[in-house]
Amino acid sequence: MKNIFAVFLTMILIGILLSGVSELPKFAAEKNPAVNEVMTHYIEKGPQETGAMNIVTGIILDYRAFDTFVEASVLFTAVIVVIMVLKEFYTKSLVTGIFNESLILREVSRLIIPFIQIFGIYIILFGHLSPGGGFAGGTILGVSLILYGLSNNPINYDKKLSYPILIRLLCAGMLLYGFLKGYAFINGGSHLGFHNPPLGTLGNIISGGLILPLNILVGMVVAITMYFFFSLFDKGEI
Amino acid sequence: MDIIKSFPLIIVMVLFITAFIIPVIKNVKKAKTISVSSLSLAVLLSLVNLVYVIKSGTYRYSIGHFDSPIGIEFSIGFIEGIMGVLFTFVTLMIVWYSLYTVEKDVKDNRIPLYYLLINILLASLLGVVFTNDIFNAYVFIEVGTLSSCGIIIVKEKKQNLMATTKYLFMSILGSGLVLMGIAYLYSMTGHLNMDYIHRELTNVYMNYPKAILITLGLFTIGLGVKSAMFPLHTWLPDAHSSAPTPSSALLSSLVIKAYVLLLIKVLYKIFGMEILAQFSVLRLILILGSAGMIMGSIFAIYQKEIKRVIAYSTVAQMGYIFMGIGLGSYVGVAIAIFHIIGHAVTKASLFLTVGAIIEMTGSKKISELKGVGREMPVTLSLFTLGALSMVGIPLLPGFVSKWNFALAAIEKGEIILIGVILASSLLNAIYYFPIVINGFFGEENLEGKVYKANSKPIKELMPIIILNFVMLYLGTSSSGIIQLIKNALMQG
Amino acid sequence: MEALMNNYYETGAIILFGVGFALVLLNNNLIKKIIGMNIMDTSIFLFFIAKGYIAGKEAPIITGVQKSASAYINPLPSALMLTGIVVAVSTTAFALSLVVKIYENYGTVELNQITKFKED
C-alpha cells in the first residue's frame with residue numbers, strides 16, 4: 001500500500017517537472033537565453049585576461065574563484081567530519097585484521113603505480129592548456145595511493161603515509177590556498193593595485209598567473225582526501 | 001575609507017583560515033584561544049561595517065578584479081550588516097559559554113575539531129547572507145549542511161546518530177531541489193547574479209508561466225526543509241534536542257535563520273513583487289506558517305523532556321516568520337526580519353540556561369526539575385525572562401513582533417490571522433509557565449531528595465546575562481531598527 | 001509532446017530524478033537510500049550540463065588559433081557542475097560513514113529494524 005502511494009507521488013512529481021521542461025528553451029539551439037554577453041566575454045576575452053587556454057579552468061580558477069575556494073573547504077570539512085565519526089583516537093594496532101598478501105597484486109601494482117602517478121601529475125600541470133585541472137588530476141593521484149594501500153601490508157608503509165604527515169600536508173595546502181586567493185580577492189576588490197602575478201605568454205606551462213600553483217594545491221588536497229576516505233572506510237583508521 | 005567595504009570578505013576568509021590551522025593543534029587551550037580571538041575579530045569588523053552601512057547605504061563589493069556579472073560579488077545593505085553583527089555576536093557568546101562546559105560533553109581529542117566546525121559553520125552562514133550570486137549561495141549551503149551535522153555528531157550517543165542521519169538525508173534532498181531550481185532559473189535567464197536575473201525575469205516571464213511556478217515551488221520546498229517549515233520540520237526536534245548544549249543553541253538560533261533569509265532574498269529580490277502577485281505561492285507559505293505556529297505549540301505541550309519542548313517552540317516561532325513572509329507586503333517582511341533578530345538572541349539564551357540546569361541537576365525531564373529555583377535562582381530567572389519574551393509580554397522583543405504582525409495583518413485585511421497569533425501566544429504560555437512556576441515554587445520533589453546542584457558561578461553565566469541585556473535593548477528600542485529595515489527593503 | 005521530444009536530454013534527466021526519488025521513498029535499506037540520492041544528484045548534473053550544448057560547435061579549449069565566440073559551446077554550465085560533483089561526493093562520503101557507525105551500533109542497516117530497536 002505504501003509502495004503504491006510512493007510510486008504515485010513520484011509520477012506526480014515527474015509530471016509536474018516535465019510540464020515545466022516543455023516550456024524551456026530548445027536544447028542545443030543557437031538563440032538560447034544562456035548565450036548572452038557573459039558567455040561571449042568568457043570566450044573572447046578569457047585567454048587574454050586569465051592566461052589559460054582551457055576556458056573552463058579559467059572560469060573556475062579566475063572568474064569564479066570564490067566558488068572553487070568554498071568547494072575546496074567543502075572537501076576539507078567532509079574529511080574532518082568523517083575523521084571525527086570513524087577514526088579511533090586510541091592507540092590501536094594497525095594490523096588488526098588479517099592482511100591477505102597477494103604476490104601478483106603487489107608486483108603488478110609496483111609496476112603500474114609510477115605510470116598512474118605520472119599521468120595524474122601531467123593532468124594537474126597541464127590543467128590550463130588542455131582538458132583536466134586540479135580536480136581530475138588529484139583524483140587520479142588519489143587512486144594511485146589507494147592502489148598502494150590495497151596491495152601492501154600496512155606495517156610496511158605506516159611510517160610513510162601516516163596521519164600526522166598527511167594532515168599537516170592537507171592543512172598547509174588549504175592555508176596556502178586561502179592566503180594566495182585572499183590576497184588576490186582583496187587586491188582586486190578594493191582596487192589596491194598591489195603586484196599581480198604575471199600572466200606570461202599564452203601556451204607555455206608557466207603562464208596564467210596563479211592558476212598553476214592553485215591547480216597543484218587543489219590536486220594535492222583532493223588526492224589526500226581520497227586516500228583518507230579509503231583508509232577510514234577500509235581499515236577504520238589511517 | 002573604502003577598505004571598510006572589504007570587511008565582510010575579510011571576516012569570511014579569516015574564519016576559514018583559522019579553521020584550516022586547527023587540526024594540527026592538539027592543545028585544547030590553544031584551540032580555544034584561537035577560536036575566541038577569531039570570533040572577537042569578526043564581531044569588531046562587523047560592527048564597524050554596520051556603522052559604515054548606516055552612514056553610506058547599500059554597496060556592492062566584487063571579489064577579485066572582475067565585476068559582476070562576469071565575477072562574483074557581495075551585496076551589503078542594512079539587513080546584511082545587522083545580520084552579520086547578530087551572527088558573530090551570538091556565536092561569540094555561545095562559544096564563551098562553552099569554554100567551561102564543553103569538556104563534559106565532548107572527548108578531549110575532539111574539542112579542537114569542534115571549534116573548527118563552529119568556525120566553518122559561522123563562515124558559511126555569513127556567506128549565505130552576504131552573497132549576491134545564487135550558485136555561490138548553493139555552495140555555502142552545502143558547507144553549512146556538513147558542518148552543522150558535524151557539531152551534532154561530535155557527542156557519540158546512539159540517539160545522536162539517528163538524529164544526524166535524518167537531518168542529513170533531508171538536507172541533501174533539500175539541496176538537490178534548490179540546485180534544480182537554479183538550473184531552471186539559469187536556463188530561463190542565462191545569468192547567475194541576483195540583480196541581473198531579476199532584470200531578465202521581468203522581461204521574459206510571460207513566456208514561461210508553468211516553469212516559473214515550478215521554480216518557486218522548488219525553492220520554497222528546498223529551503224523550507226532546511227529552515228523547518230511546518231510539514232517538513234520532522235528532523236528538528238531530534239537533532240536539536242540530542243546535540244550538546246552549545247550546538248543546540250547555535251543550530252536553533254542561527255542556522256535555520258540564514259536559510260530563511262536566503263528564501264526572502266530569492267522571493268523578493270530575484271522574483272519581485274509583480275511576479276509573485278500572479279502566483280499563489282505566498283498564500284501557501286502563509287497557510288503553512290500559520291499551521292506551524294499552532295501545531296508546533298500543540299506538539300510542545302506533550303513533550304516530557306525540556307530540550308524537546310524548546311525545540312518544538314522553535315518550530316512554532318519559525319511559523320511566525322513564514323507568516324510574515326507570506327503576507328506579501330514590505331511591512332510583513334520587515335517584521336519577519338526583526339523577529340529573526342529577536343528570536344535568535346532569545347532562543348540562544350534559553351538553550352544555554354536549560355543546558356546549565358541540565359548539567360547541574362543531571363536530569364532532562366521536566367517532572368524532575370521542580371524546585372530547582374531554590375538552588376539556581378539566577379539561572380531560572382534568566383530562563384523566565386526568555387520565556388516571557390516568547391509568550392509576548394511587553395518590553396520584550398516577542399511582544400514587539402506579535403504586535404507589529406497583527407498590525408500588518410490588519411493592513412492586508414487578514415483578520416483571521418490575529419486570532420491565530422493570539423491562540424499561539426496562549427499555547428506558548430501553556431507550556432512555558434508550568435516550567436517556571438514549578439521551578440520556583442514546586443515542593444514535591446524536594447522532600448527526601450538532595451539536589452547535587454549549586455548554582456553556576458556568575459563568571460560562567462556572564463554570556464547569558466549579556467544576551468538578556470541585548471534582548472531587553474531590542475525590545476525597547478525596536479522602532480528605529482524596524483524603520484531602518486523597511487528603508488533597506490524598499491531600496492531593493 | 002513535441003517540445004519534450006526535442007529536449008530529450010532534459011526529459012531523461014527529469015525521469016532519472018523521479019527514479020532516484022522513488023528509490024529513496026520505497027527502500028528500507030539505508031545504503032539503497034544513499035544510492036537513490038546519488039542518482040538524484042547526478043540527474044541534476046545532466047540537466048545542467050545539457051544546457052550548455054550548442055549544436056555543431058566545439059569544446060571551449062583553444063587549440064592553435066582562437067576563433068570567434070560563436071564557434072564554441074557555453075563553458076559556464078560545465079564549470080559550475082565541476083563544483084557540484086565535488087559537493088555530491090563529499091556529502092555521500094559523510095552519509096556512508098554515518099551508516100558504518102549505525103551498523104556498528106545496531107547491527108543492521110534496515111530502517112524498520114532500527115526503529116524497532118529504538119522503541120524497546
Side-chain angles (χ1 to χ4, degrees), chain A residues 16-17 19-25 32-39 41-42 45 49 62-71 73-74 76-85 89-90 164 167-168 170-179 181-182 184-192 196, chain B residues 2-3 5-6 9-10 13 16-17 19-24 61-66 69-73 107 109-110 113-114 116-117 120 123-124 127 133 135-136 139-140 142-143 146-147 149-150 153-154 156 180 184 186-191 200 204 207-211 213-215 217:
Chain A
I16 294 179
L17 287 175
S19 72
V21 164
S22 61
E23 290 179 355
L24 287 179
N32 265 340
V35 180
N36 52 9
E37 74 269 8
V38 178
M39 177 188 133
H41 184 110
Y42 282 147
K45 307 225 185 60
E49 285 181 356
D62 212 348
Y63 287 113
R64 300 187 68 95
F66 197 46
D67 269 351
T68 314
F69 173 66
V70 183
E71 167 201 356
S73 54
V74 167
F76 179 78
T77 311
V79 164
I80 296 289
V81 187
V82 172
I83 286 180
M84 206 164 66
V85 170
F89 277 91
Y90 320 113
I167 197 78
R168 273 188 210 137
L170 185 66
C171 292
M174 293 302 296
L175 263 180
L176 205 53
Y177 192 153
F179 276 126
K181 258 312 159 185
F185 290 152
I186 300 182
N187 190 12
S190 300
H191 309 288
L192 287 178
N196 264 333
Chain B
D2 268 353
I3 193 70
K5 285 194 190 174
S6 64
L9 180 64
I10 295 186
M13 297 298 287
F16 270 126
I17 290 184
F20 295 151
I21 302 183
I22 291 185
V24 292
Y61 180 76
S62 325
I63 301 191
H65 40 262
F66 298 106
I70 311 285
I72 301 179
E73 65 177 8
K107 293 202 198 107
N109 45 31
R110 293 206 152 91
L113 297 182
Y114 183 62
L116 185 160
L117 287 173
I120 293 191
S124 83
D133 184 293
F135 191 73
N136 208 13
V139 190
F140 274 120
E142 292 297 322
V143 183
L146 278 177
S147 43
C149 288
I153 199 71
V154 69
E156 302 164 9
M180 184 150 257
Y184 271 85
Y186 180 71
S187 68
M188 284 192 286
T189 58
H191 281 117
E200 281 290 320
V204 300
N207 304 339
Y208 312 106
K210 276 186 272 186
L213 182 61
I214 292 176
T215 312

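Chain naming here is simple, since letters A, B, ... match the order of the sequence lines and numbering starts at 1 in each.
For A/Ala184, the part lying under 4.5 angstrom from a heavy atom of chain B is the backbone only. Only the side chain of B/Ile214 has a heavy atom closer than 4.5 Å to any heavy atom of chain A. No part of A/Val82 comes within reach of chain B, as not one of its non-hydrogen atoms sits under 4.5 angstrom from that chain. At a 4.5 Å heavy-atom cutoff, the contact between B/Asp133 and chain A is made by side-chain atoms alone. Interface remark: B/Met13 contributes side-chain atoms only to the contact with chain A (heavy atom separation under 4.5 Å). There is no contact between B/Val204 and chain A, counting heavy-atom distances below 4.5 Å. The part of B/Ala19 that comes within reach of chain A is its backbone (N, CA, C, O), which places non-hydrogen atoms under 4.5 angstrom from that chain. Contacts of B/Ile17 with chain A are made by both backbone and side-chain atoms, with heavy-atom separations under 4.5 Å. Neither the backbone nor the side chain of A/Asn187 has a heavy atom closer than 4.5 Å to any heavy atom of chain B. Both the backbone and the side chain of B/Tyr208 come within less than 4.5 Å of a heavy atom of chain A. Using a 4.5 Å cut-off between heavy atoms, A/Leu17 touches chain B through backbone and side chain atoms alike. Contact annotation for B/Ser62: only backbone heavy atoms (N, CA, C, O) come within less than 4.5 Å of a heavy atom of chain A. Only the side chain of B/Leu117 comes within less than 4.5 Å of a heavy atom of chain A; its backbone N, CA, C and O stay farther away. For B/Ile70, the parts lying under 4.5 angstrom from a heavy atom of chain A are both the backbone and the side chain.
Ranked by heavy-atom pairs under 4.5 Å with chain B, the first of A/Val85, A/Leu170, A/Val74 is A/Val74. Counting heavy-atom pairs under 4.5 Å between each of B/Ile10, B/Thr189, B/Ile22 and chain A puts B/Thr189 at the top. If you tally non-hydrogen atom pairs under 4.5 Å between each of B/His191, B/Glu73, B/Met180 and chain A, the highest count goes to B/His191. The candidate from B/Ser187, B/Cys149, B/Ala123 with the greatest count of non-hydrogen atom pairs under 4.5 Å with chain A is B/Ser187.
When all heavy atoms of A/Val81 and B/Gly150 are compared, the pair lying nearest together is CG1-CA, 4.0 Å. Across all non-hydrogen atoms, the minimal contact from B/Tyr61 to A/Ile186 is OH-CA, 3.9 Å. A/Glu71 and B/Val139 make their closest contact through N-CG1, 4.1 Å (heavy atoms, listed as atom of the first residue, atom of the second, distance).
Annotation: the span from A/Ile80 atom CD1 to B/Leu146 atom CG amounts to 11.5 Å, rounded to 0.5 Å. Distance check, rounded to the nearest 0.5 Å: NZ of A/Lys181 to CG of A/Leu176 gives 12.5 Å. Once rounded to the nearest 0.5 Å, the distance linking OG1 of A/Thr77 with CE of A/Met174 reads 8.0 Å.
A/Phe69 and B/Phe16 have their aromatic ring centers within a separation under 6.0 angstrom.
Contact check for A/Phe66 versus B/Phe140: side-chain heavy atoms found under the 4.5 Å cut-off. With contacts defined as side-chain heavy-atom distances shorter than 4.5 Å, the pair B/Glu156/A/Met84 does not qualify. Between A/Ile83 and A/Ile167 there is a side-chain heavy-atom pair separated by less than 4.5 Å.
In this pair, B/Phe66 and A/Tyr63 present their aromatic rings tilted. The plane angle is within the 30 to 60° band.
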